[in-house]
Amino acid sequence: MGVKNLWDVLEQCKKTLPLHHLHNKRVCIDLSCWIVQLQNVNKSHCPINNKLYLASLFHRLRALIALNCSLIFVTDGSIPAIKLCTYRRRLNLRPEAQDGANSHSQNLSSLKRNMGSEFSCMIKEAKLLGLALGIPCLDGIEEAEAQCALLNLESLCDGCFSSDSDTFLFGARTVYRDICLGEGGHVVCYEMDDIERQLGFGRNSLISLALLLGSDYTQGVRGLGLEAACQIVKSVGDNDILRKIASEGLSFTRKKKNSKKQGQVKCNDKETTLSCKVNMNGGIQNSQTDDQYLRVVEAYMSPKCHSADSDVVHRALVQRPFQHEQLQMLCSRFFEWPPEKTDEYILPKIAERDLRRFAYLRSTSSQLDVNIPMKEVPVKCPVSAIIKRRKVHGRECFEVLWEELYGIKSSVVPSDLVESACPEKIKEFDDKRVLEKKNQRKSRPTKSGKQCSLTEIDQKLQHLLLDIELGSESSPMASREVISDQMPTATEVNFMNRDPPIILDSYCRATMLCQETDITAPKHEVIDLLSPSPQVQSRVVSRCTQMNDQHITIIDLSESETERSPEHVRKARELRLFLASIRDDFN
């Protein structure tokens, strides 16, 4: 539980952060709190024997592993002597047994937990699963949340996962109360800096609220409401509140209205007798509670924990290796999963974690103005190559090919991660795509199935020009129709125009016809077919008269325009297509 209603007090300091906030952080986990959370969520769906709570824990862990979040399990040790009354009350012991424990709890030592209980067995299974995933475990001396808080206070971790609100009373600075996975995954975070700035409550004030409201170590003041307790603590101030309690007990909380009644408080129109009163020397004047309040303060300020420089803590901070075969065996035992299913769940996350570690190494080096080429980095980049771009839930990603890593070949990772870890791989991928597209354009086959020589091209062009006039069926592109006998006397094509018009003129027949009639043919026109707009380099035309009652056709490049017939428009279009195919052959 922690401190009664303290989460309500801290509600306005709650922050919901994306799960990505935890990447590259080291976090302690109060394992008992997580098991209780998962057990409560899943016990209505299936019995404990189905291990659904353990499967939920596995999915939490693999999501955090993918973010390169270094995790440390922290478990409870013995039950503190000051907590025995609360512990027995939770076990529903008889009232007289509680009273006996209440009156003699100060003379008792801590109580070892029953390691054979069902809950203790669940903790053992969770620790085995964590060790197979490379997560170390630190067994606390007493309270797990106190040990987490000490590590956070000593800057040995970046935060604590715990649902116990008294984690702040032990000195924690950042507490993650809850975590949500899936799309839009997030964590619920509380930070001591926000509590001090927004509420004005420091660690001393929170301990005072525990004395007034009640906690695992004290029952608090009966009848004292939440708002009244907060006002009392604020009125005294964080620096003086514990000193005032040490000198006066809780008697300063009395209302002046009932000042004649020593040791009484009026809150919410109810008069309740305070349980004790402390004199100026700090001694307790109530034989029933003795120095209960001072012991509560001492329990929060100096809990029994492994010190930050102890060997136990140092061992817990050492990174553990991932035990692949051990994990497969445990998942088969707990969840009846085949090895393939276990690998499908965990191996992509392990690969993503390794890539984040590589990215963190390079970014740290860059911050130190040490820019090392990727090939010279001491650690090999886990990405072998990029296969293709992907989009997952609207997020840009890459499907990457991994180096040899536990047998995994490829998986999908965020594009920003690849860009921060190995931008050289992205450049290689983009250059490769550009080269492939260029090669595809070069290797594209021509319409005739082979490259044409210049002589063949010249012959095709001459045949096409004659077919425009004569309607010959020998043209490869105009053989479907025969031009009418009533053909205009001459044809002029403007090659400088994208849609060359065809107009009439009266000149002489082209080369082939002149050869048939033994007439000297004009010199061939030289056309630059490699140019996007072919131009005639030279032209020699000899005017001829009618011979054999036939007219002779030539190409004239003058820009005079007349009306075009549909037939000539069609022929001109075919000529344009043919010239375009010639340019493609050369390109």
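Looking at heavy atoms from C-beta onward, V187 lies in side-chain contact with L22 at the 4.5 angstrom threshold. Using a 4.5 Å heavy-atom threshold, the side chains of L67 and L19 count as touching. For the pair M301/V297, a side-chain contact is recorded, criterion being any heavy-atom separation below 4.5 Å from C-beta on. In this structure, the side chains of L206 and F170 stay at 4.5 Å or more apart for every pair of heavy atoms. Between V413 and C397 there is no side-chain heavy-atom pair separated by less than 4.5 Å. Side-chain contact between S70 and V27 is absent, with no heavy-atom pair separated by less than 4.5 Å. The closest side-chain heavy-atom distance from C230 to V9 is below 4.5 Å. Side-chain contact between S56 and L38 is present, with heavy atoms from C-beta onward closer than 4.5 Å.
Separation of the W34 and Y53 ring centroids does not fall under the 6.0 Å cut-off. A distance below 6.0 Å separates the ring centres of F322 and Y406.
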Test side chain to side chain contact (heavy atoms under 4.5 Å, CB included) on W402 and S411 and set out the steps.
-> CA-CA 8 Å; W402 299 105; S411 65; 2.7 Å; yes

Run the side chain to side chain contact (heavy atoms under 4.5 Å, CB included) check on I123 and I35 step by step: do they pass?
-> CA-CA 7 Å; I123 294 293; I35 295 298; 3.8 Å; yes

Apply the test side chain to side chain donor-acceptor pair (under 3.5 Å) to residues S366 and S363: give CA-CA distance (whole Å), side-chain angles for both, the deciding distance (0.1 Å), then the verdict.
-> CA-CA 5 Å; S366 178; S363 64; over 6 Å; no

Carefully, step by step, assess Y176 and S162 under the rule side chain to side chain donor-acceptor pair (under 3.5 Å).
-> CA-CA 6 Å; Y176 301 103; S162 179; over 6 Å; no

Which is it for M192 and V175 under the side chain to side chain contact (heavy atoms under 4.5 Å, CB included) test, yes or no, and what are the steps along the way?
-> CA-CA 8 Å; M192 196 64 189; V175 176; over 6 Å; no

Could you walk me through whether K51 and M122 pass side chain to side chain contact (heavy atoms under 4.5 Å, CB included), step by step?
-> CA-CA 9 Å; K51 311 290 184 185; M122 296 167 67; over 6 Å; no

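Side-chain N or O atoms of S332 include none that pairs as donor or acceptor with a backbone N or O of Q328 at under 3.5 Å. Although no hydrogens or angles enter the test, the distance criterion places a donor-acceptor pair under 3.5 Å between the side chain of N152 and the main chain of T174. Here the side chain of N40 pairs a donor or acceptor atom with the backbone of V36 at under 3.5 angstrom. Between the Q147 side chain and the H306 main chain, a donor and an acceptor come within less than 3.5 Å of each other. Checking side-chain atoms of S165 against main-chain N and O of V3 turns up a donor-acceptor pair under 3.5 Å. W337 places no side-chain N or O within 3.5 Å of a backbone atom of M329 that could act as its donor or acceptor partner. Using modelled atom types, one side-chain atom of S120 and one backbone atom of N114 make a donor-acceptor pair closer than 3.5 Å. One N or O on the side chain of D238 and one on the backbone of S205 form a donor-acceptor pair closer than 3.5 Å. No donor-acceptor pair under 3.5 Å is formed between the side chain of R177 and the backbone N or O of V188.
H21 and K25 get closest at one heavy-atom pair: O-CE, 2.9 Å. Closest of all the heavy-atom pairs between K244 and S247 is O-OG, 3.1 Å. Of all the heavy atoms in G130 and F73, the pair that sits closest is CA-CE1, 3.8 Å. Closest approach of D216 to Y300, counting heavy atoms only: N-OH, 4.4 Å. Shown here for F161 and D178, the closest heavy-atom pair between the two residues is CE2-O, 4.2 Å. Contact record, D30 with C148: N-SG, 4.1 Å, taken as the closest heavy-atom pair.
For the atom pair I241 CD1 and L209 CG, the distance stands at 8.5 Å (nearest 0.5 Å). Expressed to the nearest 0.5 Å, how far SG of C13 lies from CD of E191 amounts to 10.0 Å. Rounded to the nearest 0.5 angstrom, L111 CG and I79 CD1 are separated by 4.5 Å. Of the inter-residue distances, the one linking C160 atom SG with L151 atom CG reads 7.5 Å to the nearest 0.5 angstrom. Atom CZ of F335 is separated from atom OH of Y345 by 10.0 Å, given to the nearest 0.5 angstrom. Note that the CG atom of L6 and the CG atom of L226 stand 9.0 Å from one another [nearest 0.5 Å].
Applying the salt bridge (Lys or Arg N to Asp or Glu O under 4.0 Å) test to residues at least two apart or on different chains, none of the pairs has a partner in residues 151-161. Counting only residues at least two apart or in different chains, salt bridge (Lys or Arg N to Asp or Glu O under 4.0 Å) contacts with residues 297-323 comprise E142-K304. Under the salt bridge (Lys or Arg N to Asp or Glu O under 4.0 Å) criterion, the residue pairs touching residues 328-355 are E352-R356, with sequence neighbours excluded. Counting only residues at least two apart or on different chains, the salt bridge (Lys or Arg N to Asp or Glu O under 4.0 Å) pairs with a member in residues 194-212 are K15-D194, R173-E196, D194-R197.
Looking only at atom types and distance, the side chain of T218 has no donor-acceptor partner in the side chain of S215 under 3.5 Å away. Side chains of S32 and D76: a donor on one and an acceptor on the other come within 3.5 Å.
Legend: residues meeting salt bridge (Lys or Arg N to Asp or Glu O under 4.0 Å) with K112, ordered by chain and number and at least two apart, are absent. With sequence neighbours excluded, the residues forming a ring-ring contact (aromatic ring centres under 6.0 Å, His included) with H20 are H23, listed by chain and number.
Salt-bridge annotation for K127 and D139: present, with a side-chain N of the basic residue lying under 4.0 Å from a carboxylate O of the acidic one.
Across L71, L156, L317, a single residue satisfies side-chain contact (heavy atoms from CB on, under 4.5 Å) together with R26, and that is L317.
Environment of CD in E419: sparse, with no more than 12 heavy atoms of neighbouring residues, nucleotides or ligands closer than 6.0 Å. Counting non-hydrogen atoms of neighbouring residues, nucleotides and ligands closer than 6.0 angstrom, the CD atom of E227 reaches no more than 12 such neighbours.
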